[in-house]
Amino acid sequence: YRVIPFYARWSTLCLNSPYRDYSLGELEEIVSRYDFEALFLDIFGLFPLCYCQYCQALWKERYGESIPRGELSATQTARYLDFVEDVTFGRFYRQVHEILKAHGKQIPTTHNAGLNYSLDGYVATEIDPYGADYYRPGLEIKLLRARAGGKETEVIGHRTNGIFDFTLKPRLMLQWEVAMGVAHNCAMMFVDQGFNDGSLDKVAYAALHEAFQVADQLSPHASGTLPYSEVLLVSSERSELLNRGKSTPLRLEGERVDLHGAYKVFADLHLPFDIASE
């Protein structure tokens with residue numbers, strides 16, 4: 001299993017190393033000092049396969065052998081997914097809940113990057129088309145809602161036109177993304193970054209204000225409704241991960257190509273359809 005180049009812009013620190021205690025300590029400091037309505041854990045999900053001494057020991061304890069080298073077989077990839085979900089991701093996420101409970105914080109949590117949603121109070125995902133793939137938002141929203149299992153959902157857009165290029169999207173595009181989210185009964189938010197002095201881009205926020213007016217117009221008609229569909233696409237996140245190839249949000253391989261193609265066909269034909277998760 002290889003690291004996806006798209007994510008190379010971030011360094012990945014192993015949550016099975018002493019960094020785990022350091023990051024949980026930071027979280028406890030925040031939780032103990034401030035009150036807030038929810039906790040969002042970003043870029044927290046399917047981590048690259050790690051060969052540090054801590055992961056080596058945990059892997060051997062779980063499977064009785066060393067972490068395999070090179071390209072993983074299908075069986076080894078399944079083991080890797082179980083290891084990440086149970087040991088790296090699951091153990092850390094359960095400790096986050098323990099910290100919240102210790103400080104009397106009864107607030108929902110969510111994470112961004114897939115895997116297991118059972119510990120989430122609500123489910124969130126990013127839907128940005130990255131200036132190229134305008135089928136992606138609808139597909140991601142339908143997948144999110146299917147995998148949420150009835151939990152509240154929130155979709156996240158970026159106000160930037162490309163992947164973190166910090167040029168403002170056209171207002172019609174911002175409005176369309178809001179409409180996509182609200183029409184699917186999801187909450188909607190945008191990611192932005194302030195200037196170095198802490199101030200905000202007034203032009204950008206005027207555009208966002210205009211975009212969110214679409215939510216005000218649509219929500220009375222969409223709230224509490226159920227989607228109508230005549231065609232059902234069945235999706236397994238586990239299967240997709242086992243057959244993903246080297247997919248990134250803008251380069252599709254493996255099983256994602258099939259799902260994306262089916263979505264495009266039904267959307268272009270204006271056939272009412274939805275997605276069901278395993």
Side-chain angles (χ1 to χ4, degrees), residues 1-63 66-67 77 79-126 128 144 147-148 151-156 158 163-164 187 189-194 196 198 237 241 248-249:
Y1 194 89
R2 291 175 291 190
V3 176
I4 302 171
F6 178 81
Y7 296 106
R9 67 181 68 244
W10 295 286
S11 298
T12 303
L13 301 176
C14 182
L15 288 179
N16 293 322
S17 75
Y19 173 70
R20 172 191 214 84
D21 294 332
Y22 176 79
S23 58
L24 287 171
E26 286 186 315
L27 182 63
E28 183 154 25
E29 180 180 334
I30 294 171
V31 169
S32 65
R33 294 187 180 189
Y34 303 99
D35 291 324
F36 39 89
E37 295 180 357
L39 179 65
F40 179 91
L41 302 170
D42 198 11
I43 319 179
F44 176 57
L46 188 61
F47 298 101
L49 185 55
C50 177
Y51 292 89
C52 75
Q53 58 178 310
Y54 308 100
C55 285
Q56 290 277 10
L58 289 166
W59 185 284
K60 195 155 192 175
E61 178 184 332
R62 183 182 179 95
Y63 295 120
S66 299
I67 301 176
T77 301
R79 281 185 163 189
Y80 152 72
L81 292 174
D82 289 338
F83 180 83
V84 171
E85 186 162 307
D86 297 340
V87 179
T88 309
F89 170 85
R91 191 161 59 106
F92 186 92
Y93 206 167
R94 287 189 291 271
Q95 287 180 285
V96 169
H97 278 265
E98 290 170 5
I99 290 173
L100 290 171
K101 185 178 179 181
H103 291 278
K105 292 284 196 302
Q106 295 183 330
I107 59 172
T109 63
T110 194
H111 76 285
N112 184 26
L115 284 183
N116 192 315
Y117 306 97
S118 63
L119 293 172
D120 290 328
Y122 68 104
V123 181
T125 195
E126 295 177 71
D128 203 307
L144 172 76
R147 293 169 178 171
K151 295 179 180 179
E152 290 191 6
T153 52
E154 179 181 66
V155 293
I156 305 166
H158 303 136
I163 178 67
F164 301 135
M189 69 172 289
F190 282 98
V191 170
D192 189 33
Q193 182 171 322
N196 290 339
E237 185 172 30
L241 290 172
T248 72

(request) Can you tell me which residue pairs pass the ring pair (Phe, Tyr, Trp, His ring centres under 6.0 Å) test with a partner in residues 12-42, sequence neighbours excluded? (result)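 Found none.
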So, for [X] and [Y], which heavy atoms are closest and what is the spacing to 0.1 Å?
| X | Y | answer |
| --- | --- | --- |
| V123 | T110 | CA-OG1, 3.6 Å |
| I107 | E37 | CB-O, 3.6 Å |
| Y122 | P108 | CD2-CB, 3.9 Å |
| S118 | K151 | O-NZ, 3.4 Å |
| R91 | L58 | NH2-CD1, 3.6 Å |
| L115 | G45 | CD1-O, 3.1 Å |

Out of curiosity, [X] [atom1] to [Y] [atom2], how far, rounded to the nearest 0.5 Å?
| X | Y | atom1 | atom2 | result |
| --- | --- | --- | --- | --- |
| L144 | E154 | CG | CD | 9.5 Å |
| T88 | L49 | OG1 | CG | 9.0 Å |
| H158 | M189 | NE2 | CE | 9.0 Å |
| I99 | L27 | CD1 | CG | 5.0 Å |
| I156 | T125 | CD1 | OG1 | 7.0 Å |
| D21 | L15 | CG | CG | 10.5 Å |

(request) Would you please classify the geometry between the H111 ring and the Y93 ring as parallel, tilted or perpendicular, with 30° and 60° separating the classes? (result)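 Perpendicular, since the angle between the ring planes exceeds 60°.
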(message) Is it the case that over 12 heavy atoms from other parts of the model lie below 6.0 angstrom from the CD atom of E152?
(response)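 Check fails, neighbour count at 12 or below.
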(message) Looking at E26, I want to see if its CD is surrounded by more than 12 non-hydrogen atoms of other residues, nucleotides or ligands under 6.0 Å.
(response) yes
(message) Test side-chain contact (heavy atoms from CB on, under 4.5 Å) on R94 and H97; report intermediate values, then the result.
(response) CA-CA 5 Å; R94 287 189 291 271; H97 278 265; 5.7 Å; no
(message) A side-chain contact here means heavy atoms from C-beta on lying under 4.5 Å apart; do F47 and C14 qualify?
(response)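 In short, these two side chains do not touch, never coming nearer than 4.5 Å.
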(request) Starting from the C-alpha separation in whole Å, work towards a yes-or-no answer on side-chain contact (heavy atoms from CB on, under 4.5 Å) for L241 and Y80. (result) CA-CA 11 Å; L241 290 172; Y80 152 72; over 6 Å; no
(message) Suppose we screen for salt bridge (charged side-chain N to carboxylate O under 4.0 Å, His left out). Which residues come up paired with K60, at least two apart in sequence or across chains?
(response)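 Per chain and number, K60 pairs via salt bridge (charged side-chain N to carboxylate O under 4.0 Å, His left out) with no residue.
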(message) Going by the rule salt bridge (charged side-chain N to carboxylate O under 4.0 Å, His left out), which residues pair with R62 if we only count those two or more places apart in sequence or in a different chain?
(response)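 Result, salt bridge (charged side-chain N to carboxylate O under 4.0 Å, His left out) vs R62: D86.
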(request) Could you give me the CA-CA distance, side-chain angles and deciding distance for N16 and F83, then say whether side-chain contact (heavy atoms from CB on, under 4.5 Å) is met? (result) CA-CA 11 Å; N16 293 322; F83 180 83; 4.1 Å; yes
(request) Could you check K105 against D35 for side-chain contact (heavy atoms from CB on, under 4.5 Å), going step by step and ending with a plain yes or no? (result) CA-CA 8 Å; K105 292 284 196 302; D35 291 324; 3.4 Å; yes
